[in-house]
Amino acid sequence: MALAEQIEREQALVKYDGEDRVLPAVEVLKLYRAEVPKGEKIMSKIPTLDRVLDGFYPGQLIVISGVTGHGKTTIAQTFTKNMSEQLVYPLWFSYEVGTDDFLSTFSDDHQKYIYMPAKLKGNTLKWLEDRILESKLKYRTQAVFIDHIHYLVTMSPKQNMSYIIGETVRGLKQLCIKHNIVIFLIAHMTKTRPEEEPGLGHTRDSSFIEQEADSVLYVWRHVKDRWITILKVAKNRKRGIIDDRIALILRDGKYEETTAMEE
């Protein structure tokens with residue numbers, strides 16, 4: 001670059017006032033808060049989980065994973081029931097469970113505060129964003145549940161699935177920040193031995209799922225007491241790897257914390 005061009009460029013940058021201009025951090029924070037008012041945290045109503053995480057905050061992506069059939073959807077439905085009682089107005093994208101079966105787990109009172117697309121006509125980030133924004137504008141939605149990540153990608157042996165899933169999860173994280181919401185994303189787990197405890201690295205097909213998440217929760221049935229489900233906080237962005245375990249029991253269609261667990 002010629003000296004004259006360099007001087008002209010520098011003079012233009014000194015005067016630059018675009019929306020991506022560089023500012024002191026304190027000014028950036030003021031602008032951000034003006035555009036995205038700080039939302040209220042949402043409580044799970046599972047005491048130990050709320051103590052460990054201090055609730056779920058707008059802008060967060062929460063991944064729920066675990067052994068197939070061991071309670072991933074049920075823990076998400078439990079959060080939904082507890083949130084509907086807090087008037088959070090959750091939005092659900094239930095790709096894996098049909099509408100009738102899915103809603104049969106909720107009481108009439110809960111159903112009044114849960115929202116869903118009339119038809120799942122899309123699975124792209126653009127379609128999801130439109131429905132999320134629609135629900136937020138119409139019903140003040142603060143929490144979104146997606147069951148599950150593999151319905152948002154096209155499985156193909158010719159493509160790098162880890163990269164495609166990673167791009168999708170990164171897009172979901174950006175939606176959390178852009179729309180000031182919490183997204184709960186259910187993800188399948190790799191096969192493990194019955195005695196092996198799930199943990200970080202066990203989500204299926206892509207490590208990006210856990211990397212992009214603000215919190216990663218694992219659920220599985222207790223090996224000796226099948227009435228007990230274990231909920232583990234495997235990661236929290238603020239605290240790192242945690243590995244806190246919470247014993248849950250299913251009562252009246254939702255999980256409640258219990259201390260009755262065999263070691």
Q.
With a 4.5 Å cut-off on side-chain heavy atoms, are Glu257 and Leu49 touching?
A. no

**Q.** Gly59 backbone acceptor or donor facing Lys173 side chain under 3.5 Å
**A.** yes

Q | Donor-acceptor under 3.5 Å (Arg131 side chain, Leu128 main chain) | A | no

**Q.** Smallest separation among heavy atoms of Ser207 and Ser162, with atom names
**A.** N-OG, 4.4 Å

Q: Kindly compute the distance separating NE2 (His150) from CD1 (Ile209), expressed to the nearest 0.5 Å.
A: 5.5 Å

Q) In Å, rounded to the nearest 0.5 Å, how long is the span from CD1 of Ile177 to CD of Gln60? A) 10.5 Å

Q: Establish, yes or no, whether the cationic atom of Lys138 lies under 6.0 Å from the six-membered ring centre of Tyr115 and within 45° of the ring axis.
A: no

Q) Could you give the distance from CZ (Arg221) to NE2 (His70), rounded to the nearest 0.5 Å? A) 5.5 Å

Q) So, does Lys235 use its side chain to make a donor-acceptor pair with the main chain of Leu200 at under 3.5 Å? A) no

Q.
Taking salt bridge (Lys or Arg N to Asp or Glu O under 4.0 Å) as the definition, give me every residue that meets it alongside Asp109, ordered by chain and number, with sequence neighbours left out.
A. Lys112

Q. By side-chain hydrogen bond (donor to acceptor under 3.5 Å, both in side chains), which residues pair with Lys81, not counting sequence neighbours?
A. none

Q.
Please enumerate all residues that pass side-chain hydrogen bond (donor to acceptor under 3.5 Å, both in side chains) together with Glu10, with sequence neighbours excluded.
A. Gln6

Q: Nearest 0.5 Å please: distance from the CG atom of Leu175 over to the CZ atom of Arg170.
A: 13.5 Å

Q: Keeping the roles fixed (side chain from Arg21, backbone from Leu13), state whether a donor-acceptor pair exists under 3.5 Å.
A: no

Q) For the side-chain contact (heavy atoms from CB on, under 4.5 Å) test, which of Asp214, Leu185, Ile183 pairs with Cys176? A) Ile183

Q. Other than Leu133, what residues sit in its cluster of Ile, Leu, Val, Met, Phe, Trp and Tyr side chains whose heavy atoms are under 4.5 Å apart, directly or through others?
A. Leu137

Q.
Holding to ring-ring contact (aromatic ring centres under 6.0 Å, His included), I want the full list of residues that pass it with Phe79, two or more places apart in sequence or in another chain.
A. Phe56, Phe184

Q) Do you know the tightest heavy-atom contact between Val67 and Trp220? A) CG2-CB, 4.0 Å

(Q) Suppose we screen for side-chain hydrogen bond (donor to acceptor under 3.5 Å, both in side chains). Which residues come up paired with Tyr89, at least two apart in sequence or across chains? (A) Arg140

Q. Where do Ile246 and Val52 land on the side-chain contact (heavy atoms from CB on, under 4.5 Å) test, with the steps shown first?
A. CA-CA 10 Å; Ile246 305 164; Val52 171; 5.5 Å; no

Q.
Quick one, Glu129 with Lys178, criterion salt bridge (Lys or Arg N to Asp or Glu O under 4.0 Å). Give me CA distance, side-chain angles, the key distance, then yes/no.
A. CA-CA 10 Å; Glu129 181 175 17; Lys178 181 178 179 180; 2.8 Å; yes

Q) Is the Phe93-Trp127 ring centre distance short of 6.0 angstrom? A) yes

Q. Within a reach of under 6.0 Å around NZ of Lys45, are more than 12 heavy atoms found that belong to other residues, nucleotides or ligands?
A. no

Q: For the pair Ile165 and Ile149, evaluate side-chain contact (heavy atoms from CB on, under 4.5 Å) and give the outcome as yes or no after the intermediate values.
A: CA-CA 8 Å; Ile165 290 172; Ile149 177 58; 4.1 Å; yes

Q) With sequence neighbours left out, what residues match Tyr218 under ring-ring contact (aromatic ring centres under 6.0 Å, His included)? A) none

Q | Exam field: side chain Ser65 to backbone Ala187, donor-acceptor pair closer than 3.5 Å | A | yes

Q. What pairs with Ser94 under side-chain hydrogen bond (donor to acceptor under 3.5 Å, both in side chains), at least two apart in sequence or on another chain?
A. none

Q. For Val169 and Val63, what are the C-alpha separation, side-chain angles and deciding distance, and is it a side-chain contact (heavy atoms from CB on, under 4.5 Å)?
A. CA-CA 10 Å; Val169 176; Val63 167; 5.6 Å; no

Q. Do Thr74 and Val219 come close enough that some side-chain heavy atom pair is under 4.5 Å?
A. no

Q: Using salt bridge (Lys or Arg N to Asp or Glu O under 4.0 Å) as the criterion, list what pairs up with Lys15, not counting sequence neighbours.
A: none

Q) Rounded to the nearest 0.5 Å, how far does CH2 of Trp92 lie from OG1 of Thr80? A) 5.0 Å

Under 3.5 Å, sequence neighbours excluded: what are the donor-acceptor pairs made by side chains of residues 95-104?
from, atom 1, to, atom 2, distance (Å)
Tyr95, OH, Gly122, O, 2.8
Glu96, OE2, His148, NE2, 3.1
Ser104, OG, Asp101, O, 2.7

Q.
Would you say Met83 ends up clustered with Met43 if hydrophobic residues are merged whenever their side chains have heavy atoms under 4.5 Å apart, either directly or through other cluster members?
A. no

Q | Joint cluster assignment, Leu125 & Tyr163, ILVMFWY side-chain distance < 4.5 Å | A | no

Q | With Asp147 via salt bridge (Lys or Arg N to Asp or Glu O under 4.0 Å) - residues at least two apart | A | none

Q. Gln142 side chain to Pro58 main-chain N or O, any donor-acceptor pair under 3.5 Å?
A. no

(Q) Does atom CD (Glu8) have a neighbourhood of more than 12 heavy atoms from anything else shown, all under 6.0 Å? (A) no

Q: For Lys232, check salt bridge (Lys or Arg N to Asp or Glu O under 4.0 Å) against everything at least two apart and list the hits.
A: Glu197, Asp243

Q | From CA spacing to verdict: salt bridge (Lys or Arg N to Asp or Glu O under 4.0 Å), Arg251, Glu256 | A | CA-CA 7 Å; Arg251 291 194 181 99; Glu256 295 179 3; 3.1 Å; yes

Q. Roughly how far, to the nearest 0.5 Å, is CG of Leu217 from CG of Asn236?
A. 9.0 Å

(Q) Could you check whether any side-chain heavy atom of Thr141 comes within less than 4.5 Å of a side-chain heavy atom of Ile132, counting everything from C-beta outward? (A) no

Q: Answer whether the closest heavy-atom distance between the side chains of Leu53 and Ile62 falls below 4.5 Å.
A: no

**Q.** Donor + acceptor pair across side chains of Lys254, Asn82 (<3.5 Å)
**A.** yes

**Q.** From CA spacing to verdict: side-chain contact (heavy atoms from CB on, under 4.5 Å), Ile75, Leu248
**A.** CA-CA 10 Å; Ile75 192 66; Leu248 306 173; 3.7 Å; yes

Q) What's the shortest heavy-atom distance between Tyr113 and Ser84, and which atoms? A) CB-CB, 3.8 Å

Q: State yes or no: do Val153 and Val144 share one hydrophobic cluster built from I, L, V, M, F, W and Y residues joined by side-chain heavy-atom distances below 4.5 Å, directly or via other members?
A: yes

